Amino acid sequence: MPSSSSPARLVVLVSGSGTNLQALLDACEDPAYGAQVVAVGADRHDIEGLRRADRAGVPTFVKQVRDYESRDNWDRVLTKAVAGFEPDLVVLAGFMKLVGPTFIEAFGGRTVNTHPALSPSFPGMSGPADALEYGVKVTGCTLFVVDAGVDTGPIVAQSAVPVLDDDDVDSLHERIKVAERAMLADNVGLMARVGFTITDRKVRFNR
Ligand code: GAR
């Protein structure tokens, strides 16, 4: 991580509304936060996440899987685009694609993802729906360091959210996202300011 005089450079990848991105953009307005969003990338055009970046004056790029002849080519192009912004930390904030081996080789150990469930329960694309369907009484969100698996990486932070009797998928997911935005902003800031170490899957802040 960078010295105290230069904020950590964050590249954030999004696929949708970008409320988690917004939490980071808002946090970065405070110089004491220790990080700045230097670019926002997406796997699709015309999403609110990209518009949030535009409004904040942050450069954006889009790399759509379907524009490349293979998933590996897309992964290489995405990796190159992210590398061009020299990130200290890459944040997947509602990015609905699995990054591939080239990306992991370049940014493994310094890419985090936020997932709307308490890992290791309910990995994948539909964490809130799967939790509701299973009937758990508590679910939540998990911030983890990305590895080659699906939501399997070392856990940085988790936040619990109760499931209410009258929840549907949308109400539950929206309540999870409130906790998720705070978890993300708090912990990315800490990662930027004090650094972190991963030993035997245990993520610890260097403080
Ligand atoms: C968040 O809940 C995030 O955890 C989830 O998408 C939402 C994005 O919201 N990601 C996944 O489910 C990835 N497996 P946002 O676009 O408003 O930040």
Side-chain angles (χ1 to χ4, degrees), residues 10-28 35 37 39-56 58 60-65 71 75 78 89-100 103-104 107 111-134 136 138-164 167-189 191:
L10 309 179
V11 171
V12 184
L13 301 184
V14 297
S15 297
S17 63
T19 64
N20 281 284
L21 163 66
Q22 189 67 54
L24 289 173
L25 290 168
D26 293 348
C28 288
V37 180
V40 171
D43 64 330
R44 60 199 75 184
H45 294 281
D46 197 27
I47 54 172
E48 187 61 18
L50 289 171
R51 288 190 280 275
R52 289 177 192 276
D54 286 341
R55 288 198 290 273
V58 172
T60 63
F61 58 90
V62 175
K63 304 297 174 196
Q64 300 186 108
V65 171
R71 190 85 183 200
D75 187 47
L78 178 71
L89 203 58
V90 182
V91 182
L92 311 188
F95 188 59
M96 295 303 193
K97 290 282 182 300
L98 284 180
V99 294
F103 193 97
I104 298 286
F107 301 115
T111 298
V112 292
N113 190 7
T114 173
H115 178 62
L118 289 177
S119 297
S121 294
F122 312 123
M125 305 289 276
S126 50
D130 294 345
L132 204 57
E133 166 85 18
Y134 193 93
V136 294
V138 177
T139 184
C141 48
T142 301
L143 181 68
F144 63 95
V145 179
V146 173
D147 66 8
V150 178
D151 302 324
T152 52
I155 292 171
V156 178
Q158 294 185 297
S159 190
V161 173
V163 180
L164 306 181
D167 263 332
D168 58 20
V169 175
D170 286 345
S171 66
L172 179 58
H173 196 178
E174 282 310 310
R175 198 157 356 91
I176 290 170
K177 283 173 67 170
V178 173
E180 201 174 11
R181 291 189 282 267
M183 174 189 72
L184 183 69
D186 288 352
N187 285 281
V188 166
M191 293 173 106

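Nothing fancy with the numbering, it's 1 onward along the sequence. Numbering of ligands and ligand atoms starts at 1, following listing order. The model shown is predicted, which means the values in this text are computed figures rather than measured ones.
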Quiz item: Going through the checks in order, is the side-chain contact (heavy atoms from CB on, under 4.5 Å) test met by Leu78 and Leu13?
Solution: CA-CA 10 Å; Leu78 178 71; Leu13 301 184; 4.3 Å; yes

Practice problem: Compute the minimum heavy-atom distance from Thr114 to ligand 1 and say whether it is under 4.0 Å. | Solution: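 Yes, Thr114 has a heavy atom closer than 4.0 Å to ligand 1.
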
Self-check item: Sub-4.0 Å heavy-atom approach of Arg181 to ligand 1
Solution: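 It does not; every heavy atom stays at 4.0 Å or beyond.
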
What residue and heavy atom of the protein are closest to [atom], and at what distance?
{"atom": "atom 8 (C) of ligand 1", "result": "Gly94 CA, 3.6 Å"}
{"atom": "atom 5 (C) of ligand 1", "result": "Pro116 CD, 3.8 Å"}
{"atom": "atom 3 (C) of ligand 1", "result": "Glu180 OE2, 3.2 Å"}
{"atom": "atom 13 (C) of ligand 1", "result": "Met96 SD, 3.6 Å"}

Which ligand 1 atoms, with their elements, are less than 4.0 angstrom from a heavy-atom of [X]?
{"X": "His173", "value": "1 (C), 2 (O), 7 (C)"}
{"X": "Lys177", "value": "2 (O), 9 (O), 15 (P), 17 (O)"}
{"X": "Ser17", "value": "15 (P), 16 (O), 17 (O)"}

Exercise. Search all heavy atoms of Leu50 against all heavy atoms of Asp46 and return the closest pair with its distance.
Key: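 So the minimum-distance heavy-atom pair works out to CD1-N, 4.2 Å.
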
Quiz prompt | Phe103 vs Thr111, side-chain contact (heavy atoms from CB on, under 4.5 Å): CA-CA, chis, key distance, verdict | solution = CA-CA 9 Å; Phe103 193 97; Thr111 298; 3.6 Å; yes

Quiz prompt | Approximate separation, where rounding is to 0.5 Å, of Arg181 CZ and Ile176 CD1 | solution =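 CD1 of Ile176 is found 11.5 Å from CZ of Arg181.
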
Counting only nitrogen or oxygen atoms and a 3.5 angstrom limit, does [X] reach ligand 1?
{"X": "Gly18", "answer": "yes"}
{"X": "Asp151", "answer": "no"}
{"X": "Gly124", "answer": "yes"}

Quiz prompt | Test ring-ring contact (aromatic ring centres under 6.0 Å, His included) applied to Phe95 - qualifying residues, sequence neighbours left out | solution =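 For Phe95 there are no ring-ring contact (aromatic ring centres under 6.0 Å, His included) partners, ignoring immediate neighbours.
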
Name every donor-acceptor pair, under 3.5 Å, that has one atom in a side chain of residues 144-151 and the other anywhere in the protein, sequence neighbours excluded.
residue: Asp147; atom: OD1; partner: Gly149; partner atom: N; Å: 2.9
residue: Asp147; atom: OD1; partner: Thr152; partner atom: OG1; Å: 2.6
residue: Asp147; atom: OD2; partner: Thr152; partner atom: OG1; Å: 3.3
residue: Asp151; atom: OD2; partner: His115; partner atom: ND1; Å: 3.3
residue: Asp151; atom: OD2; partner: Gly124; partner atom: N; Å: 2.7

Quiz prompt | Flag, side chain of Thr114 to backbone of Ala93, donor-acceptor distance under 3.5 Å | solution =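 Flag not set: sc Thr114 to bb Ala93 has no pair under 3.5 Å.
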
Quiz item: Is the number of heavy atoms from other residues, nucleotides or ligands within 6.0 Å of CD (Glu48) greater than 12?
Solution: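 Yes.
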
